[in-house]
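Every chain is numbered from 1, with letters handed out A, B, ... down the list of sequences. What you see is a predicted model, and the numbers here were worked out from it, not measured in a lab.
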Amino acid sequence: MSAATADVATIGHRLALQRRGTVAVLVLVVLLASLRYGDAFYSGINLTSYFDDAVKYSLIALGMTFVIMTGGIDLSVGSVILLAGVAGGLASPHGAVVAVLVGVGTGAAVGAVNGLLIAHSRLEPFVVTLATLLWARGLGLQLADTQTVVYGTGTLQSLARDKIFGLTTGFWLMILLFVLAAVALKFTPWGRTVLAIGDSEESTALLGVPTRLPKFSVYLLSGALAGLAGVVLGSQTGSVSMDTGVGWELIAVAAVVVGGTLLTGGVGSIGGTLAGLLLLQVIFTIINFENGRGGIEINSYWQNVVRGAFLLVVVLLQTGVGRGRKKS
Amino acid sequence: MTDLATRPAAASVLRNTDWPSFIRRYGAAIVLALLVLFNIIFTDNFLDLRNILFVQLRQAAPTAIVALGMALVIATGGIDLSVGAVVALSGQVTAVFLLDGVPPLVALPIGILVGVAAGLFNGTLVSRFGIQPMIATLVLFTAGRGLAQVVTGGRIQTVNQPIVEFLGLGVIAGLPISVFSLIVITIAIVLVTRFTPAGTKLLAVGGNERAAGLVGIRTKRVKTMAYVVAGGLAGFVGLLELGRIQASDATNAGLNMELDAIAAVAVAGTTLAGGTFSPGRTIIGVLMLRLLQNTLVAHGIPREVAQIAQGLIIVAAIYLLRRSRDAR
């Protein structure tokens with residue numbers, strides 16, 4: 001536990017290097033792809049589906065980043081997306097605003113339950129959110145009567161299809177939230193406390209800084225963002241199917257780790273998460289693209305293998321960064 | 001009960017009943033007993049030996065075997081998210097070999113070896129490279145199922161062979177094979193952990209890795225072994241699942257098994273922080289969660305609601321366990 005100051009500085013420095021590496025690889029991959037595929041790579045359909053997916057995943061990855069910074073984990077986000085997506089869909093006949101409020105509110109409520117149990121009752125985040133993964137999905141399925149939920153009004157869909165400077169409103173919403181989050185992390189007492197808790201909760205508490213509320217708040221935020229992701233998904237596709245969100249929590253965790261946030265907490269970056277997510281997504285887009293052109297024969301099942309292999313490369317490169325720091 | 005936790009206060013516990021500790025040790029068993037009692041009264045034919053052995057226990061046994069491996073890993077302070085994917089991979093590899101006409105005497109051990117190799121991979125990442133267990137095993141969680149799908153091309157193919165039929169429907173000493181194997185494996189694990197230094201080393205590493213290393217325990221080897229055993233058991237369960245389905249099914253074999261196993265270990269009163277291992281209570285945890293599910297479904301409650309109940313009981317269990325921890 002006794003991480004010397006020099007140690008923390010080194011870790012921060014190396015993770016910052018890794019983040020630059022992630023951004024550099026992202027730029028390189030995009031450049032190579034545009035050289036190879038030309039304008040087709042930037043075709044409407046390809047770009048839209050790329051950013052549609054990126055928006056959904058990035059919202060949960062953003063919430064996950066804060067949770068992981070405190071040294072916790074939120075396994076329930078995939079189920080919250082389903083539950084909130086269903087709730088938002090059922091509310092959508094009453095208008096777009098109501099649908100968004102209900103979706104985000106549902107997610108926040110689930111997040112609040114996680115937060116209470118973890119911050120107040122001091123239960124293990126892994127098991128609490130694992131239980132929530134079960135009951136929230138059960139509740140979503142029950143609420144929808146296990147039938148695909150259709151989004152009623154046209155307002156939400158047109159909002160999702162509207163474009164500003166050639167990119168969807170969802171994309172700009174994502175950028176706005178990431179900027180806000182980065183500012184909050186860097187320049188607010190709340191953000192500093194979140195990182196301090198992840199570094200050492202005991203020391204933070206000993207300094208007289210309240211730790212319960214910030215800890216509660218990251219799970220609340222994660223739930224609310226997952227709720228928003230559920231409504232965004234519903235508005236993008238016009239419906240929420242019952243297998244929505246299965247395993248998405250791990251897509252988010254992978255993006256956070258690739259983005260240079262330490263899984264044991266205390267060190268992390270908002271921009272890094274976005275870069276990590278965009279990089280992972282662009283790699284899968286390229287795989288799909290190669291398939292589409294018939295250039296190489298990679299069936300879709302390889303996606304998961306590639307995702308796992310990529311994660312392996314990143315953690316191996318990261319090796320030593322977190323070493324000797326803490327017992328996980 | 002085979003509780004290996006070091007418990008200096010054992011004498012005082014005997015003198016005046018320590019209720020929190022009592023709940024911690026026997027809570028899951030009491031709930032299981034209540035569920036059994038409820039079923040004896042309200043469920044038709046529950047006490048029929050065929051139902052007990054060939055429905056309830058046969059369903060629970062594969063998860064219980066995986067949970068035993070998980071409990072070993074958790075005792076070292078780790079976690080293994082990959083076991084469900086390893087169940088899929090070993091079963092699919094074996095299925096493909098069998099379909100290619102490879103004799104069962106070769107194909108079945110290969111399945112188990114796949115699991116052992118996966119465990120060695122996980123264990124090496126965790127102990128040699130110092131990667132956090134969650135992320136290390138996330139690699140195979142993702143890639144393992146992907147590989148299983150690649151191996152079978154994602155097809156569901158019936159495997160009509162006597163050996164597969166035997167694995168699924170065979171009976172040894174009056175017991176279904178899965179139940180028989182569970183008993184043999186449990187006895188083996190209890191013998192090794194109680195009567196060889198292995199058990200002490202395991203708990204020492206989980207309790208305080210640094211101290212364990214200082215007194216001369218090869219902590220890396222102990223940790224790696226835990227993952228190897230967990231992987232080997234998952235590989236074996238892959239064969240049992242192949243027998244149960246009588247076909248290759250890369251997408252669904254072992255799905256969510258890691259979550260069921262972790263939940264069972266948690267409700268059994270084991271903290272995920274490591275340092276405790278109790279095979280008996282782990283199995284009771286599995287039986288309790290499985291019987292709860294079956295009881296609800298048997299009494300006409302939808303599966304989704306049963307899932308909600310499962311989530312809630314996990315939260316309730318760890319909440320009670322926390323109170324007993326605080327009281328100690």
Side-chain angles (χ1 to χ4, degrees), chain A residues 73 75-76 79 113 117 121-128 130-146 242 246-247 250-251 253-254 257 262-264 299-312 314-316 318-328, chain B residues 77-79 81 85 125-126 129-136 138-154 208-210 250 255-256 259 262-263 265-267 271-274 302-319 321-323 326:
Chain A
I73 188 95
L75 297 179
S76 69
S79 295
V113 173
L117 289 168
S121 305
R122 313 188 70 77
L123 301 181
E124 282 161 349
F126 195 98
V127 192
V128 169
L130 168 59
T132 305
L133 177 153
L134 293 171
W135 66 254
R137 178 160 295 275
L139 204 58
L141 292 172
Q142 177 68 12
L143 205 59
D145 210 9
T146 66
M242 288 303 103
V246 175
L250 298 172
I251 295 178
V253 172
V257 172
L262 209 58
L263 201 69
T264 44
N299 67 41
S300 63
Y301 299 120
W302 279 101
Q303 268 212 15
N304 284 330
V305 182
V306 173
R307 197 189 293 269
F310 192 77
L311 195 63
L312 177 66
V314 171
V315 292
L316 283 178
Q318 223 180 44
T319 270
V321 171
R323 195 180 265 184
R325 188 174 137 76
K326 277 186 193 181
K327 206 176 77 121
S328 53
Chain B
I79 195 102
L81 295 183
L125 286 184
V126 171
F129 291 92
I131 295 168
Q132 295 119 351
M134 222 194 95
I135 287 298
L138 188 57
V139 171
L140 270 184
F141 170 91
T142 311
R145 191 167 295 278
L147 279 174
Q149 288 169 327
V150 169
V151 166
T152 57
N208 188 334
E209 193 176 339
R210 226 183 203 315
L255 195 65
N256 288 335
L259 297 184
I262 295 167
V265 173
V267 300
T271 158
L272 296 194
R303 217 159 262 287
E304 308 86 71
V305 180
Q307 198 176 350
I308 301 175
Q310 196 180 358
L312 295 184
I313 202 143
I314 294 169
V315 172
I318 58 167
Y319 187 79
L321 294 172
R322 171 206 68 116
R323 303 202 43 181
D326 287 356

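B:L138 has its side chain out of reach of A:V257: every pair of non-hydrogen atoms, C-beta onward, lies at least 4.5 Å apart. Side-chain atoms of B:I314 and A:W135, non-hydrogen and from C-beta on, never get closer than 4.5 Å to each other. Counting heavy atoms from C-beta on, the side chains of A:V305 and B:V150 come closer than 4.5 Å.
With chain B as partner, the option from A:L311, A:L133, A:V253, A:V246 having the largest number of non-hydrogen pairs under 4.5 angstrom is A:L311. Contact tally against chain B (heavy-atom pairs below 4.5 Å) for A:G138, A:A136, A:G308: the top residue is A:G138. Contact count versus chain B (heavy atoms, under 4.5 Å) is highest, among A:V128, A:T132, A:L130, for A:L130. Note: B:L272 leads B:L259, B:L272, B:V315 in heavy-atom pairs under 4.5 Å with chain A.
Side-chain contact of B:E304 with A:T146: a donor-acceptor pair under 3.5 Å is absent, judged by distance alone.
Expressed to the nearest 0.5 Å, how far OG1 of B:T271 lies from CD of A:E124 amounts to 4.0 Å. In this structure, CG in B:L81 is found 5.0 Å from CZ in A:F126, a value given to the nearest 0.5 Å. To the nearest 0.5 angstrom, B:M134 atom CE is 3.5 Å from A:I73 atom CD1.
Both the backbone and the side chain of A:L312 have a heavy atom closer than 4.5 Å to some heavy atom of chain B. Contacts between B:L140 and chain A at a heavy-atom distance below 4.5 Å are absent for every atom of the residue. Proximity to chain A is absent for every atom of B:I313, based on heavy atoms less than 4.5 angstrom apart. Residue contact with chain B, scored on non-hydrogen atoms closer than 4.5 Å, involves the side chain of A:L117 exclusively.
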